[in-house]
Amino acid sequence: MPEGPSIVILHDVLLPFKGKKVISASGYAGIDFSRLEGQKIIDLKTWGKHTLICFKNFTVRIHLMMFGSYTINEGKKYNPKLSLHFVKDEVNFYLCQVAILDEPLSKLYDWAADVMGDKWSVPIAKRKLKDKAGEMICDVLLDQKIFSGVGNIIKNEVLFRTRIHPDSITNKLPPSRITEILEEVRKYAFEFLKWKRAGTLSKHWEAYEQKVCPRCDILLHKKKTGKGKRQSYFCNNCQILYK
DNA sequence: GTGAATGTTAACAG
DNA sequence: CCTGTTAACATTCA
């Protein structure tokens, strides 16, 4: 479930619960469930991979991590981490991180970093990249403070589409290429969303989990790259290495 | 059975 | 103190 666009879909699914009162909450999350009981959901927001269920004086933050899932009004698959019971409905979250945030969201979140959000800003991201001069672009793209919501799929697809090698050093990229990346991140993330909604996401992968370069028709490389050692799929022929 | 996977953070070692 | 590695969470799929 986890990259930003999938969380936008989760947000859509939860939206009907805005204004509804939580009758009871349970699960194995280590939070004080009694705080939610009798409280009305006043808003639902997302920031990158974070799902935010807002109550009057606090927010419940859900992060699906790698294997998280959810069900709405479906029989339990297994033990939910967080189960929200409404008058008629039940929402369950599994295998996720759950936390209660007491500080106002404006103090916790930099909305300009959310690649799916209305406040996403190319110029602000560009400024942040200046502090990452010596880092590999594959690591920088996964930095949630800059590209909140970008995961390994978006990283690989954006680098393939812009023909940039994942090992490229950020400050060796000409400014015009940096701009290309920043624009492609946003563009691909919304295509991801469209395809995910249509159930055809994986059909559109050009590099991620692919064997052959669709442009060059030669074998793609699969290698763990960067400090983060996350898997990269890339074409040595058409993706340029800047270093 | 094995290993890897759309993720992140805490603990530990040097 | 900084940096890098490992563990931990846990399931699903090939």
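Numbered from 1 within each chain, the chains take letters A, B, ... in sequence-line order.
Of the possible donor and acceptor atoms, one in the side chain of A/Glu3 sits under 3.5 Å from a partner among the backbone N and O of A/Ile154.
Under 4.0 angstrom from either OP1 or OP2 of C/dA10 there lies at least one side-chain N or O belonging to A/Lys81. Remark: A/His63 is not in phosphate contact with B/dG7, judged by side-chain N or O atoms under 4.0 Å from OP1 or OP2. Between A/Lys49 and B/dT6 there is no side-chain N or O to OP1 or OP2 distance below 4.0 Å. A sub-4.0 Å separation between OP1 or OP2 of C/dT5 and a side-chain N or O of A/Lys229 is present. OP1 or OP2 of B/dG7 has not a single side-chain nitrogen or oxygen of A/Gln144 nearer than 4.0 Å. Taking 4.0 angstrom as the limit, A/Tyr94 places none of its side-chain polar atoms (N or O) nearer than this to OP1 or OP2 of C/dT11. Contact annotation: A/Tyr28 does not reach the phosphate of C/dC9 (side-chain N/O to OP1 or OP2, under 4.0 Å). At the phosphate of B/dT6, OP1 or OP2 sits under 4.0 Å from a side-chain N or O atom of A/Arg230. For B/dA4, the OP1/OP2 oxygens have no side-chain nitrogen or oxygen of A/Gln231 closer than 4.0 Å.
No hydrogens or angles considered: a donor-acceptor pair under 3.5 Å links the side chains of A/Lys155 and A/Ser232. Between the side chains of A/Ser83 and A/Asn92, a donor-acceptor pair is found at a separation under 3.5 Å.
Spacing between atom CG of A/Leu201 and atom C1' of B/dT6 amounts to 9 Å, rounded to whole angstrom units. Per the geometry, CZ belonging to A/Phe93 stands 18 Å off C1' belonging to C/dT11, to the nearest Å. One interatomic measurement links the two molecules: CD of A/Glu3 to P of B/dT6, which rounds to 8 Å at whole-angstrom precision. Note: CZ (A/Phe67) to C1' (C/dC13) measures 11 Å, nearest angstrom. To the nearest angstrom, P of B/dA5 lies 15 Å from NZ of A/Lys223. Following rounding to the nearest Å, A/Leu64 (CG) and C/dT11 (C1') show an atom-to-atom distance of 12 Å. The separation between A/Tyr188 atom OH and B/dT6 atom P is 13 Å, rounded to whole Å. Distance CG (A/Asp139) to P (B/dT8): 13 Å, rounded to an integer number of Å.
In this structure, A/Arg197 pairs ionically with A/Asp12, as a charged nitrogen and a carboxylate oxygen lie closer than 4.0 Å. Between A/Asp43 and A/Lys18 a salt bridge is recorded (basic side-chain N to carboxylate O distance below 4.0 Å).
A/Glu209 comes within 4.0 angstrom of no nucleic acid atom, judged by non-hydrogen atoms across all strands.
Atom P of C/dA7 sits at a distance of 14 Å from the matching atom of B/dA4, rounded to the whole Å. One P atom belongs to C/dT6, the other to B/dG3, and the distance between them is 16 Å to the nearest Å.
Because its NZ or CZ atom is not both nearer than 6.0 Å to the ring centre of A/Phe55 and within 45° of the ring axis, A/Arg35 does not count as a cation-pi partner of that residue.
Nucleotide B/dG14 forms a pair with C/dC2, judged by Watson-Crick or G-U wobble geometry with both contacts under 3.5 Å. Both distances falling under 3.5 Å, in either a Watson-Crick or a G-U wobble arrangement, place C/dC13 opposite B/dG3.
Listed nucleotides: C/dG4, B/dT8, B/dT6. Nearest to the side chain of A/Met65: B/dT8.
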